[in-house]
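Report on the structure given below.
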Amino acid sequence: MVKNNKSKPSKELPSGFVDRQEKELLIRDFVISNIKEVMIKYGFQYLETPSFEYTDSIGKFLPDKERPDQGVFSFKDEKNWLSLRYDLTAPLARYVAKNYLELPKPFKRYQLGSVWRNEKPGPGRFREFLQFDADYVGTRSPQADAELCVLISEILDKCGLDKNDYTVKISSRKFIDKLFDQLKITSKDQKSTTLRALDKIDRLGWEESKKLLSEGRKDKSGDYTKGAKLKKDQIKTIENALKSKSASSEDILEIIKIFEAFNFTNYKFDPSVIRGLEYYTGPVFEVNLNFEVKNAKGQTIQFGSIGGGGRYDNLVSNFGNFDCPATGISIGLDRLVFALMQKKDFKLKSTRPVVICIFDKNKTKEYVGILNRLRSSNVSSEIYPGEGKLKKQMEYANKIGSPAVILYGEDEIKLGKVTLKNLATGNESSVKIEDLVDEIKKII
RNA sequence: GCAGCAGUAGCUCAGUUGGUUAGAGCACUAGUUUGUGGAACUAGGGGUCGGUGGUUCGAAUCCACCCUGCUGUACCA
């Protein structure tokens, strides 16, 4: 609801952007700490690149010359078009190209950062979101591809998911290419339409996807999507190849061998995993959750994957004459957190301060004395930061979830004691100032 | 982009054969308690009923267009 109020600015957010509150942020921090732990263990370097890049550095496909804002957020400074990054892979390729000679080969780095997409927001999908990327640059070894899947799995386990909650699906562009050769499908258009149709099998099922492989499909909203116009026997061959689930592609077989060495079993070969059409060149991965995710209204939503990636051997070479294979994986952290919040009841400590109530404005010295005593013992604490009666101060403490309040008024000052009130139980006790920290630590 | 549904108080929502000053719960403010929160009671504040135009004696309600949100679908580096 955007109210057109000329005198005041809108309090609404731009479409696709959200405020995130502490509960969500604490879970996010928890996820991030797990990620860092795993990344260090696996030997990755930490990298940060800027939010903005030159537009033509972060994607040869974008922006559309006539519509520089399509898909990405862009603006022109005095000379050049700049864009907010839409993923972390393109900046990585740029970084590697820029520092090619100095970097170790292979180069393993991980990165956490927001990315922005100027497109319609969907369920759990926003125009600004936090991404995690781990990439191996400069190696063709299937060990790299395999380890990415293993590491993602380890992160999810640490976050509290168990093996039934998610599956790492793998496939390979080579498997599909082989199929295209076999079927003598050469038209680029037909290939990409076919890939898109296969990508939808998970969501629509075989019958509906088949319509997209042949003439086309009308969805329940009445919208019609043109199909790939394949012949019946071609579709049959594809169906058989996909349903057989035998990984008849060299790269996949090697990866699976390495999975076995790692004792990693929570994967599935699934040729319907397609991912981005343009830049993947070999194995592709996708991490899917196996439980239902609901939105704020309690409706079950099409959640899709929480992450994925694959091998992109040509991306770095876009920037120069490098032969630089690479493979990577990413997780959409906000989406993962959104799902985790529903799956698990996190008891993450959100430490709220002990509140020291104010009785007399002229006793600041006494209050600060108590405050310092608490803070120097690392007890989260504050002097009531407002103005008002004790009742108001109590209401405040209650509302912020404070564990206790300290009453230090005329009576207490005379006695050299403070009154400590446990807000959970309502108990009050009179304690000596020297014992205050110990007593509070019993409560929090 | 296309389609379905929705938009009434800060939040969740009720309110159609069109009819006085538009309601509830929660939240908020004040009080019952001038040194005590979470419960209760009392009182109070808060709305151009998403916007604009139209039909009508009269519109939250009917019509048209627009905006925003949700869901699906398309596209997606």
Side-chain angles (χ1 to χ4, degrees), chain A residues 1-6 10-16 18 53 55-64 67 70-72 83 85-91 93 115-125 127 192-193 195-197 199-200 203-204 208 212 216-227 274-280 294-304 309-310 312 315 318 330 355 357-360 384 388-413 418-428:
Chain A
M1 178 195 329
V2 176
K3 282 184 183 158
N4 204 2
N5 190 332
K6 275 178 193 161
S10 171
K11 59 182 187 296
E12 304 303 323
L13 289 168
S15 164
V18 286
E53 299 270 352
T55 298
D56 59 4
S57 301
I58 55 169
K60 56 177 176 168
F61 322 102
L62 283 169
D64 194 313
R67 296 178 301 170
Q70 188 67 12
V72 295
S83 296
R85 64 187 175 205
Y86 57 81
D87 72 4
L88 299 177
T89 312
V115 302
W116 294 266
R117 295 189 187 182
N118 189 3
E119 59 191 25
K120 190 200 126 177
R125 300 180 56 161
R127 297 208 288 181
S192 64
T193 311
L195 287 173
R196 276 190 229 116
D199 200 26
K200 294 184 177 70
R203 195 151 40 84
L204 303 177
E208 293 302 306
L212 289 169
R217 170 180 181 263
K218 197 189 228 178
D219 66 48
K220 63 184 172 190
S221 69
D223 205 22
Y224 188 79
T225 311
K226 270 192 202 162
I274 304 296
R275 307 294 298 172
L277 268 45
E278 295 288 345
Y279 70 59
Y280 289 120
K294 295 183 161 71
N295 66 6
K297 291 182 179 173
Q299 300 165 292
T300 300
I301 52 176
Q302 281 290 345
F303 197 66
Y312 51 98
L315 194 60
N318 282 337
S330 63
V355 175
C357 295
I358 301 170
F359 287 86
D360 181 348
Y384 176 66
K389 293 188 284 195
L390 185 59
K391 183 183 165 88
K392 208 172 169 188
Q393 304 189 35
M394 297 291 293
E395 279 169 355
Y396 165 80
N398 186 53
K399 183 134 197 175
I400 63 169
S402 169
V405 293
I406 288 169
L407 307 181
Y408 193 49
E410 223 179 314
D411 305 347
E412 286 87 353
I413 291 175
V418 304
T419 301
L420 177 64
K421 176 159 186 169
N422 181 332
L423 285 178
T425 62
N427 288 341
E428 274 182 32

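Naming: A, B, ... by sequence-line order, numbering from 1 per chain.
- On a pure distance criterion of 3.5 Å, a polar donor-acceptor pair joins the side chain of A/Asn398 and the base of B/G37.
- If you measure from atom CH2 of A/Trp116 to atom C1' of B/C76, you get 19 Å, rounded to the nearest angstrom.
- Checking the phosphate oxygens (OP1, OP2) of B/G37, a side-chain nitrogen or oxygen of A/Lys391 falls inside 4.0 Å.
- Distance check on atom P: B/G37 versus B/U52 gives 46 Å, rounded to whole Å.
- Across the protein-nucleic acid pair, A/Arg203 atom CZ and B/C75 atom C1' stand 11 Å apart, rounded to whole Å.
- One C1' atom belongs to B/G15, the other to B/U73, and the distance between them is 34 Å to the nearest Å.
- Contact of A/Lys218 with B/G72 (side chain to base): no donor-acceptor pair of N or O atoms is detected under 3.5 Å.
- Counting heavy atoms from C-beta on, the side chains of A/Gln393 and A/Val405 never come closer than 4.5 Å.
- Within a 6.0 Å sphere centred on CD of A/Glu410, heavy atoms belonging to other residues, nucleotides or ligands number 12 at most.
- Counting to the nearest Å, the C1' atom of B/A74 and the NZ atom of A/Lys120 are 9 Å from each other.
- A donor-acceptor contact closer than 3.5 angstrom links the side chains of A/Thr419 and A/Glu412.
- A/Gln393 comes within 4.0 angstrom of nothing in the nucleic acid, heavy atoms only.
- Pairing for B/G72 is with B/C2, a Watson-Crick or G-U wobble pair whose two hydrogen-bonding atom distances lie under 3.5 Å.
- Out of B/U73, B/U32, B/G35, the shortest distance to the side chain of A/Phe359 is found at B/G35.
- Remark: B/G46 base-pairs with no nucleotide; criterion is Watson-Crick or G-U wobble with both hydrogen-bond distances under 3.5 Å.
- Here B/A74 is the nucleotide among B/A74, B/G35, B/U71 with the atom lying nearest to any side-chain atom of A/Lys200.
- For the pair A/Lys389 and B/G31, the criterion of a side-chain N or O lying under 4.0 Å from OP1 or OP2 is met.
- For A/Leu390 and B/A30, the CG to C1' distance is 17 Å, given to the nearest whole Å.
- Residue A/Ser15 places none of its side-chain N or O atoms closer than 4.0 Å to OP1 or OP2 of B/U68.
- On the P atoms, B/U8 is 15 Å away from B/A60, given to the nearest whole Å.
- Residue whose closest nucleotide on RNA chain B sits further toward the 5' end, between A/Ala424 and A/Pro121: A/Ala424.
- Between A/Asn118 atom CG and B/C75 atom P there is a gap of 19 Å when expressed in whole angstrom units.
- Which of B/G37, B/C76, B/A74 sits closest to the side chain of A/Arg196 comes down to B/C76.
- Taking atom P in both B/A64 and B/A3, the straight-line distance is 15 Å, to the nearest Å.
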Inset, instruction - Verify side-chain contact (heavy atoms from CB on, under 4.5 Å) between A/Arg196 and A/Thr225, making sure each step is shown before the conclusion. - result: CA-CA 11 Å; A/Arg196 276 190 229 116; A/Thr225 311; over 6 Å; no
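- When both distances must be under 3.5 Å, the Watson-Crick or G-U wobble mate of B/A9 does not exist.
- If you check B/U36, B/A74, B/C76 against the side chain of A/Leu212, the one that comes closest is B/A74.
- Between atom CG of residue A/Asn295 and atom CD1 of residue A/Ile301 there is a gap of 5.5 Å, rounded to the nearest 0.5 Å.
- Per the geometry, NZ belonging to A/Lys392 stands 12 Å off P belonging to B/C28, to the nearest Å.
- Using a 4.0 Å heavy-atom criterion, one finds that A/Lys399 contacts the sugar-phosphate atoms exclusively.
- Contact annotation: A/Arg275 side-chain N/O to B/C76 OP1/OP2 distance is not under 4.0 Å.
- A distance of 11.0 Å separates CD1 in A/Ile58 from CG in A/Leu88, rounded to the nearest 0.5 Å.
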Legend entry - Residue pair A/Glu208, A/Arg203: steps toward the salt bridge (charged side-chain N to carboxylate O under 4.0 Å, His left out) verdict: CA-CA 9 Å; A/Glu208 293 302 306; A/Arg203 195 151 40 84; over 6 Å; no
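- Considering only side-chain atoms of A/Met394, the nucleotide from B/G37, B/A74, B/G35 that sits closest is B/G37.
- Computed from coordinates, the A/Tyr280 OH to B/C76 P distance equals 14 Å when rounded to whole Å.
- For the C1' atoms, the distance from B/C62 to B/C75 is 38 Å, rounded to whole Å.
- When distances run from any side-chain atom of A/Asn295 to the nucleotides B/U36, B/U73, B/U71, the shortest one goes to B/U71.
- Checked by distance alone, A/Glu428 brings a side-chain donor or acceptor within 3.5 Å of a matching partner on the base of B/U36.
- Checked by distance alone, A/Glu412 brings a side-chain donor or acceptor within 3.5 Å of a matching partner on the base of B/G35.
- Using atom C1' as the reference point in both B/C65 and B/C28, the two lie 38 Å apart (nearest Å).
- Distance from the side chain of A/Glu410 is smallest to B/G35 among B/U71, B/G35, B/U36.
- Straight-line distance between the C1' atoms of B/A43 and B/U68: roughly 37 Å, to the nearest whole Å.
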Legend entry - Working for side-chain contact (heavy atoms from CB on, under 4.5 Å), residues A/Leu423 and A/Val355: CA-CA 10 Å; A/Leu423 285 178; A/Val355 175; over 6 Å; no
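- Across all strands shown, B/C41 forms a Watson-Crick or G-U wobble pair, both distances under 3.5 Å, with B/G31.
- Considering only side-chain N and O atoms, A/Arg125 lies nowhere under 4.0 angstrom from the phosphate OP1 or OP2 of B/G72.
- Taking the P atom of each, B/A6 and B/A14 are spaced 11 Å apart, rounded to whole Å.
- Listed candidates were B/C28, B/G35, B/G37. Nearest to the side chain of A/Glu395 is B/G37.
- When both pairing distances are held under 3.5 Å, B/C57 makes a Watson-Crick or G-U pair with B/G19.
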